[in-house]
Structures are given as structure tokens and as C-alpha cells.
Amino acid sequence: MAEHASQEQWTAVDDYLTGLLAPAGEALAAALADSEAAGLPHIAVAPNQGKFLHLIAQIQGARRVLEIGTLGGYSTIWLARALPADGVLVTLEYDARHAEVARGNLARAGLDKVAEVRVGPALDSLPGVAADHPDPFDLVFIDADKANNAHYVEWALRLTRPGSVIIVDNVVRDGRVTDDGTAPDIRGTRAALQLIADHPKLDGTAVQTVGSKGYDGFALARVLP
């Protein structure tokens, strides 16, 4: 057995798992194609990771989901499809062009009445989300600019309830999370992880992942009473 797996092997395994357990339907495939055509960066979650988010939302029995970082709406579709007919998903996107692509993808998937896309810096949008959606969110998925990860976790705590789940994506950063340098993405990620470790109302862990998106990982936390 090879001592070290390669990116080619990671991608091959992801392709196998995706084909078996998370095959692309028309709306999801079209969302990726439209995002590609619009020149959006190739940073959407992998299909099997999207299915993971979908299952977590279902296991959680989520009715209300907040997503910070929309991109082209690929992960948004996975999450919105896990909600009941009267469910609500609010997703925040910095870039107006990305948001336009996401809205088109959500409409084609029949989810434009479920998912609301808000445009602008998330830290500017979140007070409005709090004012317009006083009921707590059951799940928060954070996948935006990493420098503000700790601020996003703090907001997630304000907008959730005991038992809610918070997921922070891309916390390993190709192994750079152990660096103690000054890169904003690393400082923000480490601050978020430290917050999860120290906050009395959070219980969490983080998991390393490999696959078609390379070497990274996610943190998962549960809000305590």
C-alpha cells in the first residue's frame, strides 16, 4: 500500500463516492455549470460534502438555516432541499454578481421561495437578519471570508438556540492552521476554533478531510443551554 495518497487518488475516491452516494441531479449539475460559465471561483463544496450538509440538516430536523457565504448557490441548494415545505433559508453573499448567479440557480431548482439571498458584507447584513428573523436558526453554515470566522461564530451564537448546530468550513487550510503567522485567514480560523473551545455555550470538534478539494477540514459545534 502506498505510504502517501496523492491528489489524484483523493479525487478518484471522491468521484467514486459521489457517483455512488451523491449523484448530481439536473439542478445541481446546472448550478455548477452556470457558476463555471460565470467565472466564479472553483471553491464550492464537493458533491459528497454537499450531501453531508444535507444529511446534517435533516438529522437536525432543521426548519431554519443561515448560510454565510453563498457563491453560486450550490451548497445552498443542498441545504434548502433538506428543509420542510415551510422551511426558511437565509444566505449571505458579498459579491452581487455571485448572488445573481445563485438566485438563478435557486430559481431553476424551485427553491427561490425557500432561500433568500442577501447581498453585501456579511457583518453588515447580519444585524438585518437578526431584526427580520427573530426566531432562532437551527443550523448555521459558515463558508465565507476566513478572516472573519470568529465574528461569524459569535453572530451564529446570537442567532441560534440550545441544540442548534454551527458548521465552519475550511478550517485546516491545507495544514496551515497550525501556523502561528499573521495571515488573516489563519488568524481568523484559529480565533474561531479557540472560540469554540473556550465558549461555555459551545461544544465542538474539528475534522480533517481530503478529496477533490484538496486537504482541508471543518469544525462542527453544538449550542449548549
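Remember, it's a predicted structure, so these values are computed and weren't measured experimentally. Along the sequence shown, residues carry numbers from 1.
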Q: Grab the two heavy atoms, one from L193 and one from A219, that are nearest each other, plus how far apart they are.
A: CD2-CB, 3.9 Å
Q: Indicate whether the side chain of E36 and that of H42 have a donor and an acceptor atom separated by less than 3.5 Å.
A: yes
(Q) Between R81 and L111, is there a side-chain heavy-atom distance shorter than 4.5 Å? (A) yes
**Q.** Side-chain heavy-atom pair V90, E67 within 4.5 angstrom cut-off
**A.** no
**Q.** Separation of I142 CD1 from N170 CG (nearest 0.5 Å)
**A.** 11.5 Å
Q. Would L32 and L28 show up in the same hydrophobic cluster when neighbours are defined by side-chain heavy atoms closer than 4.5 Å?
A. yes
Q. Heavy-atom distance under 4.5 Å between the side chains of V165 and D138, does that happen here?
A. no
Q. With distance as the sole criterion, is a donor-acceptor pair present between the side chains of T91 and T70 under 3.5 Å?
A. yes
(Q) The test is side-chain contact (heavy atoms from CB on, under 4.5 Å); show your working for V223 and L157 and say whether it passes. (A) CA-CA 7 Å; V223 180; L157 267 170; 4.2 Å; yes
Q: Describe, in one word, how the ring planes of H133 and F137 are oriented to each other, choosing from parallel (under 30°), tilted (30 to 60°) and perpendicular (over 60°).
A: tilted
(Q) Test of understanding: clusters of I, L, V, M, F, W, Y form through side-chain heavy atoms closer than 4.5 Å, transitively. Do W155 and I196 belong to the same one? (A) yes
Q) Same hydrophobic cluster for L106 and L79, using side-chain heavy-atom links shorter than 4.5 Å among ILVMFWY? A) yes
Q) Are any of the side-chain heavy atoms of R63 and V88 separated by less than 4.5 Å? A) no
Q. Where do Y152 and L126 land on the side-chain contact (heavy atoms from CB on, under 4.5 Å) test, with the steps shown first?
A. CA-CA 9 Å; Y152 296 146; L126 283 162; 4.3 Å; yes
Q. From N105 CG over to E100 CD, what is the distance, rounded to the nearest 0.5 angstrom?
A. 11.0 Å
Q.
Whether the side chain of K51 engages the backbone of L21 through a donor-acceptor N/O pair (distance < 3.5 Å, no angle test) should be reported.
A. yes
Q) Any donor-acceptor pair under 3.5 Å linking the side chain of H98 with the backbone of G72? A) no
Q | V140 side chain near V65 side chain, heavy-atom distance below 4.5 Å | A | no
Q. At their closest point, which heavy atom of W78 faces which heavy atom of A22, and how far apart are they?
A. CH2-CB, 4.3 Å
Q) Would a distance-only check, ignoring hydrogens and angles, find a side-chain to backbone donor-acceptor pair under 3.5 Å from Q60 to A62? A) no
Q) Can you check whether G211's main-chain N or O pairs, donor with acceptor, with Q7's side chain at less than 3.5 Å? A) yes
Q. Checking side-chain contact (heavy atoms from CB on, under 4.5 Å) for the pair N148/E154: CA distance, chi angles, key distance, verdict?
A. CA-CA 10 Å; N148 283 310; E154 289 170 348; over 6 Å; no
Q: Output the distance between atom OG1 (T76) and atom CG (L53), rounded to the nearest 0.5 Å.
A: 10.0 Å
Q: Evaluate the criterion salt bridge (Lys or Arg N to Asp or Glu O under 4.0 Å) for residue pair R176 and D185; output intermediate values, then yes/no.
A: CA-CA 10 Å; R176 292 189 302 118; D185 65 324; 2.4 Å; yes
Q: Using modelled atom types only, decide if a donor and an acceptor are shared between the side chain of Q49 and the backbone of A46 within a distance under 3.5 Å.
A: yes
Q. How far does CD of E8 sit from OG of S212, to the nearest 0.5 angstrom?
A. 13.5 Å
(Q) Assigning hydrophobic clusters by single linkage (Ile, Leu, Val, Met, Phe, Trp, Tyr; side-chain heavy-atom cutoff under 4.5 Å), is L195 placed with I186? (A) no
**Q.** D112 backbone acceptor or donor facing R103 side chain under 3.5 Å
**A.** no
Q) How about L92 and E116: do any of their side-chain heavy atoms sit closer than 4.5 Å? A) no
Q: Determine which pairs satisfy salt bridge (charged side-chain N to carboxylate O under 4.0 Å, His left out) with at least one residue from residues 200-222, sequence neighbours left out, and list them in order.
A: none
Q) At what distance, to the nearest 0.5 angstrom, does CG of L139 lie from CD of Q58? A) 12.0 Å
Q) Which atoms form the tightest heavy-atom contact between P134 and A131, and what is the distance? A) CD-O, 4.1 Å
Q. Any side-chain heavy atom of L220 within less than 4.5 Å of one from V168?
A. no
**Q.** Distance-minimising heavy-atom pair for A44 and L71
**A.** N-CD2, 3.6 Å
Q) Is atom CG of D132 surrounded by more than 12 heavy atoms (other residues, nucleotides or ligands) closer than 6.0 Å? A) yes
Q: Kindly give the heavy-atom pair with the smallest separation between I77 and A27, and that separation in Å.
A: CD1-O, 4.3 Å
Q: Working to the nearest 0.5 Å, report the span between CZ of F218 and CG of D143.
A: 12.5 Å
Q: For the pair R187 (side chain) and T182 (backbone), establish whether a donor and an acceptor sit closer than 3.5 Å, ignoring hydrogens and angles.
A: yes
Q | NZ/NE/NH1/NH2 to OD/OE distance under 4.0 Å, R173 and D179 | A | no
**Q.** Side-chain heavy atoms of L159 within contact of P136, under 4.5 Å
**A.** no
Q) What's the verdict on side-chain contact (heavy atoms from CB on, under 4.5 Å) for L66 and T160, showing C-alpha distance, side-chain angles and the deciding distance? A) CA-CA 9 Å; L66 172 64; T160 50; over 6 Å; no
(Q) Going by the rule ring pair (Phe, Tyr, Trp, His ring centres under 6.0 Å), which residues pair with Y94 if we only count those two or more places apart in sequence or in a different chain? (A) none
Q. What's the shortest heavy-atom distance between V171 and A206, and which atoms?
A. CG2-CB, 4.4 Å
Q. Should the pair W10 and Y215 be assigned to parallel (<30°), tilted (30 to 60°) or perpendicular (>60°) ring geometry?
A. tilted
Q: Indicate if V207 and F141 have the same hydrophobic cluster label, given that clusters are the connected sets of ILVMFWY residues with side-chain heavy-atom separations under 4.5 angstrom.
A: yes
